[in-house]
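Heads up, the thing below is written out as structure tokens.
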Amino acid sequence: MVEQYTTAPRIWAMGGGKGGVGKSVIVTNLALALSRNGLRCAILDADLGGANLHTLFGMDAPGITLSSFFSREVGNLRDTLLPTPYKNLWLISGARALLDMANPQHALKEKLLRQLLTLPVDFLLLDLGAGATFSTLDFFLASHRQMVVVTPTPTSVENAYHFLKAAYFRKLRRSIRQSKGSATIEKLLGERLARGIASPRELLADLGRHDAVMAASISKELGQFTPHLIVNQVRRDEETLLGGQMATACRDFFGTRCEFLGPVWNDDRVHYAIQKRRQVLDAYPQSPFALAMERFALALIRDKEASHGR
Amino acid sequence: MVDSSLAEDYQTLDIAPNASLLEVERAYFHLRALYAEGALASYGLMEMPQKQLRLQEIEAAYARIVAARRQLARQDAPNQELGVHAAADDGSPAGQLKQARLQAQMTLKELTNILKIGRLHLQNIEEENFAALPATVYLRGFLLSYAKALKIPQPEDLVNRYLARCSSAAQESE
């Protein structure tokens, strides 16, 4: 049974990218890596396209989901935590409910987010699935750690940039609204955003010439947008460079820090583990994929400590 | 000595004004590959005309920085040959290795064929890309054969300095 917990969970979100690049497998294995270190972890399956994380855990289709909480079938959000076959690791099936609230009102989203922060776990991992709906972007932006997975293919890279741009502009719009700048500036920015600007970095420089104070406050806000990149299914040496190059491109284009967590070599054992309905960390703990997940989990935790020190 | 009129150029290449010539070159090639036509890493990020504009900026910044460095080297060292080489060698063991290789007019590929060590490893060694380097037991062997192949005096000394830098970088990142 889950007992009382005093600190709010840290939220890590996996978003964007294309279907089939390995988002779900990476999320479940990262969670397992955390839980094996004695950290209590929950995964919210929020993939609207098809929530099937329970399959990856060898569990049956869950009877209790986030919908059960919204319809008051269960009284407390923590009752939607389904035990997985692994210690310290729970699953919340959220897809149906999130699909029903397709473009839910801001208040409802905020409420759900507040509720999620009361869960008695150390970490909550969101598997947001592909796509860039406003709901997905809002959950992504509200998270402490943001992850995007790409594979070394043009389609996947294009998708990742599309998602990152969508997330960045949503954050930009919101911080402009919050900074309460003059109406003319807001209008000016609105026009440029609608027309599609060349690069956010140039936009901010342009804004700085009009209103330096506002530009500073907005770029500080946007500085918190620090997505972590994972390059999955790497098959050739030169593909290991892709992540670093994309991180530079992001900095060049957005003007914010973008962290490259590392390359993950293509590994047939991931495929075998899914067929066995087990986690890679469990079935093949010494495989390069499993070791990479352990490394990433550590890097992401360390980053948390760094940002706490600020 | 730092030329302030080049500040924007250094920013374009995303390096510090006191970066070594090696770092300048590295940044230049990294960025050029990033925005080259058909490059995967910038696919879908911006339109082609925008990429071309960016490439022009990068080329121009690199050209101005290199020209300024050459000028400086000519002023500092009466022997121009020496001056340029001194700029490539930033005193680090990695810089020493690369400089020795360049002086021998050897490409990374040629060295790879001689040493039978992967080109990526050699490149990572030269670029002090510590995180990507193999375990110390292997790295020591790689460094020693690299230094010996280029007839660097007291190769063990260089290897030890390199490994010391590597381990202090690892401690710093913790």
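Convention: sequence-line order gives letters A, B, ...; per-chain numbering from 1. Note that the structure is predicted; figures quoted are calculated from it, not measured.
For B:Leu40, the parts lying under 4.5 angstrom from a heavy atom of chain A are both the backbone and the side chain. Interface remark: B:Leu31 contributes side-chain atoms only to the contact with chain A (heavy atom separation under 4.5 Å). Of the atoms belonging to B:Arg54, it is side-chain heavy atoms, and not backbone ones, that fall under 4.5 Å from chain A. Contacts of A:Thr240 with chain B are made by side-chain atoms alone, with heavy-atom separations under 4.5 Å and no backbone atom involved.
Within residues 286-298 of chain A, no residue has any heavy atom under 4.5 Å from a heavy atom of chain B.
Under a 4.0 Å N-O distance rule, the pair B:Asp14/A:Arg251 qualifies as a salt bridge. Under a 4.0 Å N-O distance rule, the pair A:Glu239/A:Arg236 qualifies as a salt bridge. For A:Asp138 and A:Arg174, the salt-bridge test passes: some basic side-chain N is under 4.0 Å from an acidic carboxylate O. Salt bridge status for B:Glu127 with B:Lys98: absent, with no side-chain N to carboxylate O gap under 4.0 Å.
Ring geometry for A:Phe140 versus A:Phe163: interplanar angle over 60°, hence perpendicular rather than tilted (30 to 60°).
In terms of non-hydrogen atom pairs under 4.5 Å with chain B, the most contact-rich of A:Thr155, A:Leu164, A:Asp252, A:Leu242 is A:Asp252.
Between the side chains of B:Gln52 and B:Tyr35, no donor N or O sits under 3.5 Å from an acceptor N or O. For the 3.5 Å distance criterion, the side chains of A:Asn232 and A:Thr151 fail to qualify, holding no donor opposite an acceptor.
Judged by distance alone, with hydrogens and angles left aside, the side-chain atoms of B:Lys151 form no donor-acceptor pair with the main-chain N or O of B:Ala100 at under 3.5 Å.
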